[in-house]
Engineer: 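One structure, pasted below without further comment.
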Amino acid sequence: KILIIGACGQIGTELTMALREKVGNQNVIASDIREGSPELMASGPFEVADATNFEQIQDLVIQYEIDEVYLMAAMLSATAEKFPMKGWALNMNSLFHVLNLAKDKKVSKVFWPSSIAVFGPTTPKKDTPQTTIMEPSTVYGISKQAGERWCEYYHNKFGVDVRSIRYPGLISYKTLPGGGTTDYAVEIYHEALKNKKYTSFLKEDTELPMMFMDDAIRATISLMEAPAENVKIRSSYNLAALNFTPATLTKAIQKHIPEFEIDYAPDFRQAIADSWPSSIDDSRAREDWGWQHEFDIDRMTEEMLEGIKEVHHV
Ligand code: VAH
């Protein structure tokens, strides 16, 4: 049985639907601090739980005889800058609860998401290597770097089978992201369809590593299904698909909506984006467990525009 904590989030929602498709609805228990989309709620067991409350998580693990936990609950980069201590508490305490349940053999496998936010202003920005200087300058990035250290420690010290991916900015249409710095790349599609114009909170030449959600979900499941001996990195794997700027994304959208216009009004999130890499070297994920992205910017743009029309009736 699988427990997904944070099942109503941007990744959690699609991960829940994909895993239910794969292993059967009743074998995937979705949990979050509040209820989720009607589609998610209708598709299988759901439990309201606080990811920072050990007893609540332990009760779910025992009650449903959980084998694997995907811990997708977190406070993202922009919001965590507004509430540093809440962001640290949520991102770290939830991880300790799940790692300790695994250490006590109450669960056999853990997935925990890291992020390109673990890299900072002193990290090489182009083709950022798997192992390199990491001085994250955001609360979220600090929590992800610390989390990676703890995952590797619990694996090496207690044999915990925890696996992790440093997600780039993720782009999807089934749920709106909350509080991220890469969210402009989701909002822009909704605005292009609704208003044919968008004001970007990042400058036009801000290049960031990005990925369509379908690729991210497939990578997550592929890593979790890989033989343990192939998962040689137990901090977190670099993962990449594409990297683009708001200007490049605008051109991809204008192929479908020629009259779409963008203007730029950078806000506090520009400094966060400026501290992150512009492209990632994910050769270790390709070598160790056969990662290969499938969506380029044009295919992603088609999927996003079609998906938004369908799901949000624009
Ligand atoms: C954020 N979408 O913007 C997340 C992600 C790399 C970006 O961590 O905070």
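Every number for a ligand or one of its atoms is a count from 1 in the order of the listing.
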Engineer: Are Trp150 and Val162 close enough that some pair of their side-chain heavy atoms sits under 4.5 Å apart?
Structural biologist: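 They are not in side-chain contact.
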Engineer: Relative to the heavy atoms of Ile116, which atoms of ligand 1 are at a distance of less than 4.0 Å?
Structural biologist: 6 (C)
Engineer: Heavy-atom pairs closer than 4.0 Å: do any link ligand 1 to the side chain of Ala117, the backbone, both, or neither?
Structural biologist: neither
Engineer: Does Lys144 qualify as a cation-pi partner of Trp112, given the criterion of NZ or CZ under 6.0 Å from the six-membered ring centre and within 45 degrees of its axis?
Structural biologist: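 Judged by the rule, Lys144 and Trp112 form a cation-pi pair.
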Engineer: For the residue pair Arg163 and Phe111, would you count it as a cation-pi contact if the rule is NZ or CZ under 6.0 angstrom from the ring centre and within 45 degrees of the ring axis?
Structural biologist: no
Engineer: May I ask you to check whether Tyr167 has an N/O atom sitting below 3.5 Å from an N/O atom of ligand 1?
Structural biologist: no
Engineer: Between Thr206 and Gln270, is there a side-chain heavy-atom distance shorter than 4.5 Å?
Structural biologist: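 Yes, close enough: below the 4.5 Å cut-off.
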Engineer: For ligand 1, which atoms have a heavy atom of Leu76 less than 4.0 angstrom away?
Structural biologist: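 Result: 9 (O).
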Engineer: What do you reckon, does Ser115 have a nitrogen or oxygen under 3.5 Å from a nitrogen or oxygen of ligand 1?
Structural biologist: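 There is such a contact, yes.
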Engineer: Using a 4.0 Å cutoff against the non-hydrogen atoms of Gly180, which atoms of ligand 1 qualify?
Structural biologist: 1 (C), 3 (O), 9 (O)
Engineer: Provide, to 0.1 Å, the distance between atom 9 (O) of ligand 1 and the closest protein heavy atom, together with that atom's residue and name.
Structural biologist: Ser77 OG, 2.7 Å
Engineer: Between ligand 1 and Asp183, is the shortest N or O to N or O distance under 3.5 Å?
Structural biologist: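 No: no nitrogen or oxygen of Asp183 is under 3.5 Å from one in ligand 1.
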Engineer: With a 4.5 Å heavy-atom cut-off, do Leu305 and Thr301 have their side chains touching?
Structural biologist: yes
Engineer: Closer than 4.0 Å to some heavy atom of Thr182 - which atoms of ligand 1 meet that?
Structural biologist: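 Answer, ordered by atom number: 2 (N), 3 (O), 7 (C).
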Engineer: Quick one: is the NZ or CZ of Lys203 closer than 6.0 Å to the six-membered ring centre of Tyr264, and within 45° of its axis?
Structural biologist: no
Engineer: According to the side chain to side chain donor-acceptor pair (under 3.5 Å) rule, which pairs have a member within residues 68-90, sequence neighbours left out?
Structural biologist: Ser77-Thr181
Engineer: Considering the heavy atoms of Thr181, write down every atom of ligand 1 situated less than 4.0 Å from one of them.
Structural biologist: 1 (C), 3 (O), 9 (O)
